[in-house]
Amino acid sequence: VQLQASGGGLVQAGGSLRLSCEASGRTFSPIDMGWFRQAPGKEREFVAAISWGDGYTYYVNSVKGRFTISRENAKNTMYLQMSSLKPDDTATYYCAASAKLSIYAQDYAYWGQGTQVTVSS
């Protein structure tokens with residue numbers, strides 16, 4: 001499974017961005033997916049996850065109400081709609097795929113290359 005993340009960029013505080021993650025190669029189901037982020041000098045942090053079957057979602061508290069994770073299974077694509085962005089959201093965002101829904105990076109076997117999100121104040 002190969003994952004390709006895109007959609008990052010530079011945005012002012014309060015603005016919005018939508019990240020996409022397209023899966024290709026030997027895709028299989030069910031496969032749960034998530035977004036993580038890593039800021040310079042910090043550990044990789046869980047952001048959000050979504051299950052394959054019922055679309056159950058889970059978010060880290062700091063993004064609840066601002067970010068929305070979604071997916072289009074027919075397109076093997078996952079999204080992260082980010083609104084009301086803050087400078088603290090600045091990081092490289094990674095998409096990942098797992099056989100089970102999890103908030104732990106070690107549970108994800110497949111990772112995208114990352115896309116940079118920079119929020120200016």
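All values below were derived from every heavy atom in this structure, side-chain atoms included, with hydrogens, water molecules and symmetry-related copies excluded.
The distance from atom OH of Tyr79 to atom CZ of Arg18, rounded to the nearest 0.5 Å, is 5.0 Å. The CD1 atom of Ile50 lies 9.0 Å from the CG atom of Asp32; values are rounded to the nearest 0.5 Å. Here CH2 of Trp35 is found 8.0 Å from CD1 of Ile69. Values are rounded to the nearest 0.5 Å. Distance OG1/Thr115 to CD/Gln113: 7.0 Å, rounded to 0.5 Å. Taken to the nearest 0.5 Å, the CG atom of Leu3 stands 12.5 Å off from the OG atom of Ser20. Taking CD of Gln38 as the start and CD of Gln116 as the end, the distance is 11.0 Å to the nearest 0.5 Å.
In this structure a side-chain-to-backbone donor-acceptor pair under 3.5 Å is missing from Thr90 to Thr118. No side-chain donor-acceptor contact under 3.5 Å links Tyr108 to the backbone of Cys95. Between the Glu72 side chain and the Asn76 main chain, no donor and acceptor come within less than 3.5 Å of each other. No donor-acceptor distance shorter than 3.5 angstrom exists from the side chain of Ser62 to the backbone of Val60, with no hydrogens or angles considered. The closest donor-acceptor contact from the side chain of Tyr94 to the backbone of Ala5 lies at 3.5 Å or more, if one exists at all. Counting only distance, with no hydrogens or angles, the side chain of Asp107 and the backbone of Ser102 share no donor-acceptor pair below 3.5 Å. Panel note: side chain Ser51, backbone Tyr56; a donor-acceptor pair is recorded below 3.5 Å.
Linking ILVMFWY residues whenever their side-chain heavy atoms come closer than 4.5 Å, directly or via other members, leaves Tyr93 and Leu10 in distinct clusters.
Smallest separation of non-hydrogen atoms from Val1 and Tyr110: O-CD2, 3.5 Å. The nearest pair of heavy atoms linking Gly8 to Leu19 is N-CD2, 3.6 Å.
No side-chain heavy atom of Leu17 sits under 4.5 Å from any side-chain heavy atom of Val119. The closest side-chain heavy-atom distance from Thr57 to Arg71 is not below 4.5 Å. Contact of the Met33 side chain with the Cys21 side chain is registered, since non-hydrogen atoms from C-beta on lie closer than 4.5 Å. Annotation: side chain of Phe46 is not in contact with side chain of Tyr59 (no heavy-atom distance under 4.5 Å). In this structure, the side chains of Gln81 and Ser16 come closer than 4.5 Å at one or more pairs of heavy atoms. Looking at heavy atoms from C-beta onward, Arg37 lies in side-chain contact with Val63 at the 4.5 angstrom threshold. Within the 4.5 Å cutoff, the side chain of Met82 has no heavy atoms near those of the Val11 side chain.
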Legend entry - Residue pair Leu80, Val47: steps toward the side chain to side chain contact (heavy atoms under 4.5 Å, CB included) verdict: CA-CA 10 Å; Leu80 186 67; Val47 177; 4.3 Å; yes

Inset, instruction - Begin from the C-alpha positions of Ser24 and Gln4 and carry the test side chain to side chain contact (heavy atoms under 4.5 Å, CB included) through to its verdict. - result: CA-CA 8 Å; Ser24 61; Gln4 180 71 38; over 6 Å; no

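In this structure, Trp111 has its ring center under 6.0 Å from that of Phe36.
Counting heavy-atom neighbours within 6.0 Å of Lys64 NZ, excluding the residue itself, gives a total above 12. Heavy atoms from other residues, nucleotides or ligands lying under 6.0 Å from CD of Glu43 number 12 at most.
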